[in-house]
Amino acid sequence: MTTVLLTCAGQRVDIVRAFRAAGATTIAADADPLAPALYHAEHAEIVPLIEDPAYVSTLARLVEEHDVRLVVPLADLDHELLARSREELRPALVLLPEPEVCELMSDKLAAHDFFVEHGIASPRSWAPEDVPTDARYPLLVKARRGFGSRHLYRADDAQELEFFLGYTTVESFVQERCLGEEFSIDVFSDLEGRCLNAIPRTMILSKGGESIRGASLRDEELIAFGARVAETVGIKGPANVQCFREPDGSLPVTDVNTRFGGGFPVPLAAGGRYPELALALARGERPEPRLGEFDEGVTMTRFFSEVCLARDGDGSLTLLDAVSRQPTP
């Protein structure tokens, strides 16, 4: 049984459960003792903040103590650091692209430039000082390094653009707003960069950058496009390609996130088997591509849920069943 270390576990209970269901022994790690995903893994580990010099060494200790064979980051926060720390985390496989890819995709303006240079459509984007007079409003002021729709503002005219560029507290860039329908494509690539599968999904409803409702979609153009983007970028493991289908038929890419997407339950329930593919890579196997092998029309609709915790005699937190008020194994 392969042991998996899931970093920045946070609220990603869906991914922890999926790896358990795939047969892995799961260790969830987070700096926050109240992170819900900690309490859905076999082992919960409180680790230092990512900025702490002891972060990587703490993970390396867990790898050694638990014979971890796979490290899967669940948020964007530690990608560059972990991608540069593969040697310290051996023999575990760090399921990330090369550090340069993680760094490039985390900088949204640099990623835009990369897409354009490699023939991948992307909405017109500029540094604040380079916005041309013919820019089509409304424009979006976006964080260059951000996630979850934080620091995102819509400017309907030049006056609002000037205001929001002065208002935002983070380094930002300006992007033309797409006019078509938005899609997400959940991809998974092997360690050679071959895209093993690409599963498009609709964006029925999103809040705060998080997918709330969506459905798997058999769209051959989007499947092929997702695979092309993944292989051009150099994805290894999971990634999420966000794009629009514009009135002119183009597919401009707005983001490529080098992790499992927020709508992960859709490709999982549609038969993507991404956790199984990750475990196969950790075992040294070479799965063959299975592009297009998934069920269409699998719909996710999210709801609020919670974890209730009680303190043991030693002060540690344990899972509590809210109805019976008894500890949950």
Side-chain angles (χ1 to χ4, degrees), residues 4 6-22 26 28-30 32 35-38 40-41 72-79 82 95-97 102 105-106 108 111 140 142-143 145-152 178 181-189 197-217 219 222 226 229-230 233 235 237-244 253-275 277-278 294 297-307:
V4 180
L6 302 141
T7 69
C8 295
Q11 300 185 62
R12 299 314 306 266
V13 173
D14 52 345
I15 300 177
V16 174
R17 285 176 170 171
F19 272 94
R20 290 187 69 170
T26 54
D30 203 283
D32 182 359
L38 292 174
H40 289 269
V72 182
L74 301 189
D76 304 283
L77 302 173
D78 59 354
H79 287 195
L82 294 187
L95 197 62
L96 283 170
C102 295
M105 291 301 107
S106 70
K108 307 306 181 184
L140 301 177
K142 305 173 71 173
R145 295 172 178 82
F147 56 93
S149 293
R150 294 173 175 84
H151 305 289
L152 172 62
C178 292
E181 182 179 0
E182 185 177 11
F183 299 93
S184 279
I185 310 170
D186 296 294
V187 301
F188 193 96
S189 299
N197 209 345
I199 303 179
R201 55 182 162 88
T202 60
M203 303 289 284
I204 298 172
L205 177 65
S206 296
K207 292 182 179 179
E210 188 74 13
S211 178
I212 304 299
R213 295 174 186 164
S216 58
L217 178 68
D219 184 307
L222 290 176
V229 172
V233 170
I235 294 300
N240 172 249
V241 178
Q242 294 178 272
C243 67
F244 287 76
V253 174
T254 55
D255 281 297
V256 174
N257 300 304
T258 55
R259 54 167 170 77
F260 287 116
F264 169 81
V266 174
L268 177 69
R273 297 177 51 246
Y274 287 177
L277 291 175
F294 63 89
V298 175
T299 302
M300 172 192 73
T301 180
R302 276 200 161 114
F303 64 98
F304 286 111
S305 188
E306 68 289 317
V307 169

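Keep in mind the model is a prediction, meaning the values are calculated, not measured.
Asp255 places no side-chain N or O within donor-acceptor distance of the main-chain N or O of Asn257, the cut-off being under 3.5 Å. Checking side-chain atoms of Asp186 against main-chain N and O of Pro267 turns up no donor-acceptor pair under 3.5 Å. No donor-acceptor distance shorter than 3.5 angstrom exists from the side chain of Ser106 to the backbone of Arg145, with no hydrogens or angles considered. Here the side chain of Asn197 pairs no donor or acceptor atom with the backbone of Phe188 at under 3.5 angstrom.
Taking the ring-ring contact (aromatic ring centres under 6.0 Å, His included) definition, one finds that Phe294 meets it with nothing, sequence neighbours left out.
In terms of heavy-atom proximity, Cys102 sits nearest to Thr258 at SG-OG1, 4.3 Å. Closest approach of Ser211 to Ser206, counting heavy atoms only: CA-OG, 3.9 Å. Shown here for Ala28 and Leu38, the closest heavy-atom pair between the two residues is O-CD2, 3.2 Å. The two residues Gly214 and Val266 make their nearest non-hydrogen contact at O-CG2, 3.9 Å.
No side-chain heavy atom of Val72 sits less than 4.5 Å from a side-chain heavy atom of Thr7. Inter-residue side-chain proximity for Val229 and Val256 is flagged as met; some heavy-atom pair is nearer than 4.5 Å. Considering only heavy atoms from C-beta on, Pro73 stays 4.5 Å or farther from Cys8 through its side chain. Between Val187 and Pro238 the shortest side-chain heavy-atom distance does not fall below 4.5 Å. In this structure, the side chains of Asn240 and Ile185 stay at 4.5 Å or more apart for every pair of heavy atoms. You'll find the side chain of Leu222 reaches within 4.5 Å of the side chain of Cys243, heavy atoms only. Side-chain contact check for Val307 versus His40: some heavy-atom pair is nearer than 4.5 Å. Between Ile212 and Thr301 there is no side-chain heavy-atom pair separated by less than 4.5 Å.
Salt-bridge annotation for Arg302 and Asp14: present, with a side-chain N of the basic residue lying under 4.0 Å from a carboxylate O of the acidic one.
Atom NE2 of residue His79 and atom CE of residue Met105 lie 13.0 Å apart, to the nearest 0.5 angstrom.
The number of heavy atoms from other shown groups lying within 6.0 Å of CD (Gln11) does not exceed 12.
Shown are Asp76, Ile15, Leu74; of these, the side chain to side chain contact (heavy atoms under 4.5 Å, CB included) with Arg259 is made only by Asp76. Screening Leu205, Thr299, Thr202 for a side chain to side chain contact (heavy atoms under 4.5 Å, CB included) with Arg213, the sole residue that qualifies is Leu205.
By the 30° and 60° cut-offs, the orientation of the rings of Phe260 relative to Phe19 is perpendicular.
A donor and an acceptor atom, one from each side chain of Arg201 and Ser216, are nowhere located under 3.5 Å apart.
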